[in-house]
Amino acid sequence: MLEAFGTLDVFLNSLESSKNVIVIAGAGLSVSCGIPDFRSAGGIYDIARTSDLGLDSPEDLFHLDSFRDNPRPFFKLFSHLLYPGTHEPSRGHHFLRELEHRKKLLRVYTQNIDGLEAQAGVKAVVNCHGSFLSATCLRCRKKYNWSDIEGDVAKQEVPLCRLSSCDGIIKPDITFFGEKVPDVVGRTLIKDRLKADMLIVMGTSLKVVPVSRILSYLSPSIPQVLINRDVVLPPAHLSDGFDLKLLGNCDDIVEYVCRSLKWDLAWGLGSGSGGQHNTYRRPICVPVHEPPNTYHFLLEGEKNQPSRTGLVAAASPEHHHAVVEVVTCDGCNAEIGGIRSKDGPRSIIFSCMECFDYDLCFSCYSMGSNEHIKSKGHHFTRTDKFHKAEGR
Ligand code: CNA
């Protein structure tokens with residue numbers, strides 16, 4: 001942690017001089033656009049739990065094996081909640097655009113699949129979990145565009161491969177649990193890791209690997225700032241904590257930041273569904289300081305709600321070492337950590353400390369034949385239980 005960084009004034013000053021901010025974005029950025037996140041009350045997992053979709057667990061919605069078995073629940077919820085082209089960017093998205101416009105943004109690494117960063121005009125975006133703009137037949141790997149499957153999705157039907165000899169299920173090219181993130185994530189991070197001068201984490205619970213690992217991949221000397229409704233404590237092996245926590249709705253917080261820096265707020269007056277949310281909030285939220293390094297953004301007279309601070313749940317050691325969802329062995333492709341692995345969080349995982357996303361199971365590592373182990377400059381760390389992981 002950077003002791004000297006923990007106040008709002010220092011953050012605002014740093015942002016003025018920053019030139020290479022990396023943002024890790026998550027579903028919270030799009031909640032005000034009308035797209036629920038995964039884990040908040042009323043989020044997609046809650047909706048999946050209470051809908052009659054025949055799922056064993058809500059996570060199965062986005063798990064590759066479950067999708068292969070039965071893709072209907074995914075398309076049913078997808079067509080309701082995430083249907084492309086029906087949402088407008090939030091003030092949070094426009095803030096990213098403003099950072100880029102002011103030549104302060106190095107990259108947005110987004111876990112979102114709604115495409116709203118690009119829709120807001122942000123160019124430097126890496127879609128860590130892919131995009132719905134293209135799709136692939138799971139059987140013959142034939143590629144399709146969104147327009148090819150849109151009609152089926154709108155009718156809540158499962159799109160099937162058009163090759164008569166195939167008939168496989170077509171899956172949008174978004175990354176499911178059990179799939180590797182696109183190579184572009186690791187490739188871009190290698191270029192970005194030493195350039196970054198600040199990290200802002202926005203609207204994410206950081207529960208999904210490998211995106212959460214970006215924290216440990218960047219230099220510990222750059223400030224790490226959280227903008228989120230709830231406190232998020234990154235797993236201890238990824239970060240020793242945020243230098244500054246700005247808690248509240250990200251739209252309100254970025255509006256405060258822009259006003260404080262006297263940045264142009266013209267983007268706040270758009271129309272459409274996001275535009276409605278983008279109208280300035282009056283009265284504007286004010287930051288209430290909770291020393292040493294936390295600010296709650298509250299409307300006048302608003303009480304600090306436990307749900308907002310999330311302190312009770314979040315501060316427990318178990319939460320601090322939050323269980324990650326899925327880790328796959330890069331040797332044999334088996335799931336070795338997370339919701340589906342037989343051993344769950346008790347799996348033994350060997351992770352390459354030099355690479356953003358390279359893991360091996362006990363057997364593949366023990367065989368020692370893997371090219372990655374043999375090549376120079378790669379070092380592995382062993383994790384017996386994810387919540388006891390050290391050293392990355
Ligand atoms: P998550 O685990 O549901 O966490 C969301 C976080 O955002 C939580 O910590 C919330 O407290 C916080 N949050 C919610 N609303 C706001 C708000 N208005 N202002 C500030 N913070 C808020 O979701 P993650 O993004 O961490 O998980 C990654 C998954 C979610 C990725 O694989 C995504 O593809 C997936 N997802 C994407 C979308 C989308 O594209 N819009 C929607 C739902 C899920």
Side-chain angles (χ1 to χ4, degrees), residues 23-48 58-59 61-64 74 77-78 80-84 86-93 95 108-119 125 127-133 172-179 181-182 185 200-212 214-215 226-234 242 245-256 274 277-278 281 285 296-297 305-311 313-314 319 322-326 339:
V23 176
I24 300 177
L29 191 60
S30 299
V31 165
S32 67
C33 310
I35 307 174
D37 64 6
F38 268 174
R39 295 174 183 79
S40 294
I44 291 180
Y45 284 173
D46 264 1
I47 295 170
E59 289 90 352
L61 255 186
F62 290 90
H63 199 291
L64 189 60
F74 169 80
L77 274 197
F78 186 81
H80 274 329
L81 303 173
L82 278 158
Y83 198 83
T86 50
H87 302 95
E88 294 287 331
S90 65
R91 283 176 287 170
H93 293 106
F95 170 71
V108 178
Y109 288 89
T110 184
Q111 300 166 88
N112 293 345
I113 49 171
D114 54 32
L116 290 176
E117 295 86 359
Q119 206 173 313
V125 185
N127 293 305
C128 299
H129 292 162
S131 147
F132 56 78
L133 292 177
D173 289 340
I174 55 181
T175 310
F176 275 31
F177 296 130
E179 291 187 296
V181 296
V185 183
I200 301 180
V201 171
M202 273 177 99
T204 171
S205 64
L206 282 180
K207 289 236 167 128
V208 178
V209 284
V211 170
S212 56
I214 295 176
L215 269 72
L226 175 73
I227 298 181
N228 206 54
R229 205 162 54 192
D230 300 301
V231 175
V232 171
L233 298 170
F242 289 103
K245 290 176 230 142
L246 307 180
L247 304 181
N249 288 321
C250 46
D251 288 350
D252 294 336
I253 297 170
V254 299
E255 182 170 334
Y256 178 91
H277 295 287
N278 285 345
R281 254 179 106 156
C285 277
H296 300 273
F297 282 73
Q305 298 154 3
S307 62
R308 174 170 285 183
T309 65
L311 284 175
H319 184 98
V323 173
V324 293
E325 297 228 357
V326 174
I339 49 177

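In each ligand, atom 1 is the first atom listed, and ligand 1 is the first ligand listed.
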Contact check, side chains of Asp252 and Asn249, non-hydrogen atoms, under 4.5 Å: yes
Dump all N/O pairs between ligand 1 and the protein below 3.5 Å as a table: atom names plus distance, one pair per row.
from	atom 1	to	atom 2	distance (Å)
ligand 1	2 (O)	Arg39	NH1	2.3
ligand 1	2 (O)	Ser205	OG	2.6
ligand 1	3 (O)	Phe38	N	2.7
ligand 1	3 (O)	Arg39	N	2.7
ligand 1	4 (O)	Ser205	N	3.3
ligand 1	7 (O)	Gly203	O	3.3
ligand 1	7 (O)	Asn228	OD1	3.4
ligand 1	9 (O)	Asn228	ND2	2.9
ligand 1	11 (O)	Asp230	OD2	2.5
ligand 1	15 (N)	Arg229	NH1	3.3
ligand 1	18 (N)	Asn249	OD1	3.4
ligand 1	19 (N)	Cys250	N	2.9
ligand 1	21 (N)	Asn228	OD1	3.4
ligand 1	21 (N)	Arg229	N	3.0
ligand 1	25 (O)	Ala27	N	2.8
ligand 1	26 (O)	Thr204	OG1	2.6
ligand 1	26 (O)	Ser205	N	2.8
ligand 1	26 (O)	Ser205	OG	3.3
ligand 1	32 (O)	His129	ND1	2.8
ligand 1	34 (O)	Gln111	O	2.8
ligand 1	40 (O)	Ile113	N	2.8
ligand 1	40 (O)	Asp114	N	3.3
ligand 1	40 (O)	Asp114	OD2	3.4
ligand 1	41 (N)	Asp114	OD2	2.7

ring-ring contact (aromatic ring centres under 6.0 Å, His included) partners for Tyr109, two or more places apart: none
side-chain contact (heavy atoms from CB on, under 4.5 Å) between Asn228 and Val201, intermediate numbers included: CA-CA 8 Å; Asn228 206 54; Val201 171; over 6 Å; no
Tyr45 ring center near Phe38 ring center (under 6.0 Å): yes
Spatial distance of atom CD1 (Ile200) from atom CZ (Phe242) [nearest 0.5 Å]: 11.0 Å
Chi angles and distances behind the side-chain contact (heavy atoms from CB on, under 4.5 Å) call for Leu246, Tyr256: CA-CA 11 Å; Leu246 307 180; Tyr256 178 91; over 6 Å; no
